[in-house]
Amino acid sequence: MVSISVTADESQLLDGLSESDAARVIDALEFVTPFYSNRTVVTEQDALQFVQGVLSTLAMLRTDVDTRVAAVLFELPELQPLAAEKIESRFGKEIADLVSGIRRLMKLREAALTQHDVGRGKDAAEKAATQMETLRKMVLAMATDMRVVLIRLASRVTTLRYFAECKREDGAAQQYASETMDLYAPLANRLGVWQLKWELEDLSFRFLEPVQYKRIAKMLEEKRVERESFVVSAIARLTSELKIAGIKAEVSGRPKHIFSIWKKMKGKDVNFDELYDVRAFRVIVDDIKDCYTVLGIVHNAWAPIPKEFDDYISRPKPNGYKSLHTVVVVEDGRPLEVQIRTREMHQFAEYGVAAHWRYKESGGSNFSAQEYDEKIAWLRQLLAWKTDVAESVVEHEDVQREWVEKLKAASLDDRIYVLTPQARVIELPRNATPVDFAYQLHTDVGHRCRGARVDNVMVPLNTQLKNGQTVEIITLKAGSPQSGPSRDWLNSDYSVGTRTRSKIRAWFNAIDQQETLSAGRALVEKTLQREGKTAVNLEELARKLGFPGVEELFLSVGKDEFSLRQIEVVLRDDEVVDEIDELNITHKSKASSVTQGAKSGVLVVGTEGLMTQLARCCKPAPPDDIVGFVTRGKGVSIHRLNCKNFAEMRKKAPERVIQTTWGEHEKDTVYPVDIFVLAQDRQGLLRDISEIFSREKINVIGVNTQSAKSQARMSFTVEIGGTSLLQKALTVIREVTGVIEVRRQ
């Protein structure tokens, strides 16, 4: 075995580890040295220098020994596949799993690069942003042990440091920088690893905007001595004021980051000297009362700029962030930014549940699920681990083990993220199948799905998908008669998503409804043929039967909720326009009802002795506005002026229209009229309505009731002496419990 000595510079790689853990890292370095010697990683950096750079970053974060050992080993599968087989036997399954997780994340780079080629324009930019956001979540979801993500971030910052040191300005450096700015810097920000976040952004900015980077860096350097001198003196003055006031506080300057400065210069369209936070410091106190006391001291020492004051304590930001922000004008006439917060607020701002990234990242994000936030909260507290646990690792190894177990348990196991063949990331529920995947792509793709390939291998449609797999759906051609889902897909073996199942059910519901519709149509058409009424207007027929349209009539008949006998009754009562076949209601009898021959009391203007009959289609009664129509051999048919049948007849034979009017009304003569009632079906409804007719002394000569879907459709034929009595009865019926509509037909 090749021996490796640890120099003073290399000892920093072991910071925070016990002697036994440090020995494990040295053992890993000794193991890989023969394989890494004279080898380079994909970025052309020396392999040993690369892993030492990654180790240095992880040591800064005070990560555990397993994380650092895995960081040493994860390039082995790429450089020496055979050596990778020895990892588990020599270093254990946990290390092997960590290395495997890192390698899976490395495969995502191709997917991430694909996202940069999504077209142009606003829509393309929005799609790219949404896709990159999903890819960030996928990075976390694929890391069954969250420490894998830390290693990935550390490896990326190491790569960018190498590019900066070599002053590379080629396409590879640009590509890595663009990928980092889109994916890894926001991810580091989200996870609370601020040290890496700012460095990733500044290094990426250096390659993406070299001219702007150098310009701002030069301005910062030119003002560095002056700025640092001022901040030191300002801190000293404020510290003195706080001491006099008896307030215990920590006052410190805030580091400046080139990318952040550039964003604010661009976003606010201001010059470098106009930026408020180029010169800034933060005050951390014990309680909220002290925050406002410090604010008063700051405003007393320097003149505040009112419009730049923000009280996020009394009005926290939507993400829960709390702090006081103020900008004051100091002795030289330039601004100074001051942030004031309690230790608890500072802790939340640094490590709180998904807090800082939501308002710092431009563009925002739709992903803010509380469950996800809670899971990554443990990783955020890695920074707290650095300060709270690292110093007592040797004495309290049980504490370290507890933190490591929590980090390992912080996996995102409720969602999975898979890829299309075009490297588009698709988010699915855990245990999702290719059927779920197909419907997530598009409803039509789901309906036409007939097979699936996962990582280029044909699989059954009930195969459970895993994070990072590439899924391709095999579909039938659009319009194929065989297209459509299987009822088996409603089984949990084939689909786990409620969205998938609802779309499958919607398909079968539509099919069932279409079959019911066709069956109802066939029954209605058969009835029309039997009655010799095939030319009847179906819309008018549906309306007369109390349906809003023809489809509703067909569906009701198809479900056997409506009797065909009712259609026959209506057809036989209707008038045919060309050959008016009305039931004669003559006035030859001396009976009291016109239906039994009582005089109708109708006069044909200018003519005497003509036989008249009241039309059954509209059943006119005094004092309705009426009009006559001369029939063939059956005298004059009397219609209400607004009768639709009469309107059709007048269009075809206007010369047969004759003016009529009501004559002297004979005592005890009554007229039949039809009343329609729509109500919520209930016990006693017919009785309640019948009692009204009885109370109003209205004779009921015909009743027809139907019930469907908890609604009752009721038709009454009553005899009245005039419509004034009818209107009174209708008004009373409207007050009956459950009545929705009542009208004269």
Side-chain angles (χ1 to χ4, degrees), residues 189-190 192 194 197-198 227-228 230-257 260-261 263-265 267-268 270 273-362 364 373 380 383-384 387:
N189 190 17
R190 179 167 304 183
W194 311 121
K197 186 261 187 184
W198 294 120
R227 184 174 63 254
E228 291 178 354
F230 168 78
V231 171
V232 169
S233 63
I235 290 175
R237 177 178 176 182
L238 183 58
T239 302
S240 176
E241 296 278 358
L242 295 175
K243 186 175 182 180
I244 294 173
I247 296 177
K248 183 181 178 182
E250 296 176 12
V251 187
S252 59
R254 289 174 52 210
K256 298 298 113 195
H257 301 283
S260 177
I261 291 172
K263 275 204 307 185
K264 291 183 178 179
M265 291 174 62
K268 296 184 177 181
V270 296
D273 291 336
E274 297 177 272
L275 287 177
Y276 293 153
D277 64 346
V278 170
R279 303 192 305 177
F281 59 76
R282 181 179 294 135
V283 183
I284 300 176
V285 296
D286 291 331
D287 56 42
I288 294 177
K289 179 172 68 72
D290 288 344
C291 288
Y292 289 97
T293 303
V294 172
L295 178 66
I297 293 173
V298 171
H299 285 179
N300 186 58
W302 299 290
I305 301 176
K307 67 177 182 178
E308 295 299 332
F309 171 67
D310 292 299
D311 184 351
Y312 296 121
I313 294 179
S314 63
R315 296 185 302 276
K317 293 192 176 184
N319 57 33
Y321 172 83
K322 296 180 179 180
S323 185
L324 296 177
H325 291 191
T326 187
V327 178
V328 295
V329 178
V330 295
E331 290 82 355
D332 60 3
R334 286 185 291 174
L336 168 70
E337 184 189 59
V338 183
Q339 294 181 357
I340 308 167
R341 61 180 66 151
T342 66
R343 299 180 195 284
E344 182 181 357
M345 294 173 192
H346 182 65
Q347 195 76 0
F348 182 85
E350 294 293 311
Y351 320 115
V353 180
H356 197 65
W357 66 271
R358 290 191 186 139
Y359 75 91
K360 291 291 282 185
E361 286 179 25
S362 60
D373 293 342
R380 288 183 172 282
L383 300 182
T387 56

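In this structure, NZ on K322 lies 10.0 Å from OG on S314, to the nearest 0.5 angstrom. The distance from the CD atom of E344 to the CD1 atom of I288 is 7.5 Å, given to the nearest 0.5 Å. A distance of 4.5 Å separates CD1 in I313 from OH in Y292, rounded to the nearest 0.5 Å.
Identified under the salt bridge (Lys or Arg N to Asp or Glu O under 4.0 Å) test for residues 294-305, with sequence neighbours left out: none. Within the structure, salt bridge (Lys or Arg N to Asp or Glu O under 4.0 Å) contacts touching residues 285-294 (residues at least two apart or in different chains) are D286-R343.
Closest of all the heavy-atom pairs between A234 and F281 is CB-CE2, 4.0 Å. In this structure, A249 and V283 approach most closely via the heavy-atom pair CB-CG1, 3.9 Å.
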Could you walk me through whether R341 and R282 pass the side-chain contact (heavy atoms from CB on, under 4.5 Å) test, one step at a time?
CA-CA 8 Å; R341 61 180 66 151; R282 181 179 294 135; 3.6 Å; yes
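For the side chain to side chain contact (heavy atoms under 4.5 Å, CB included) test, residues two or more places apart in sequence or in another chain that qualify with T239 are I235, V251. Residues that satisfy the side chain to side chain contact (heavy atoms under 4.5 Å, CB included) test with A245, not counting sequence neighbours, are I247, I297. The side chain to side chain contact (heavy atoms under 4.5 Å, CB included) test applied to V330 returns F230, R279, W302, V328, D332, L336, not counting sequence neighbours. E331 meets the salt bridge (Lys or Arg N to Asp or Glu O under 4.0 Å) test with R237; sequence neighbours excluded. By the side chain to side chain contact (heavy atoms under 4.5 Å, CB included) test, D310 is found to be paired with Y312, H325, residues two or more places apart in sequence or in another chain being considered. Judged as a side chain to side chain donor-acceptor pair (under 3.5 Å), and not counting sequence neighbours, T293 has no contacts.
Of the possible polar contacts, one joining the S323 side chain to the I340 backbone as a donor-acceptor pair under 3.5 Å is found.
In this structure the side chain of T342 never reaches within 4.5 angstrom of the side chain of I284, judged on heavy atoms.
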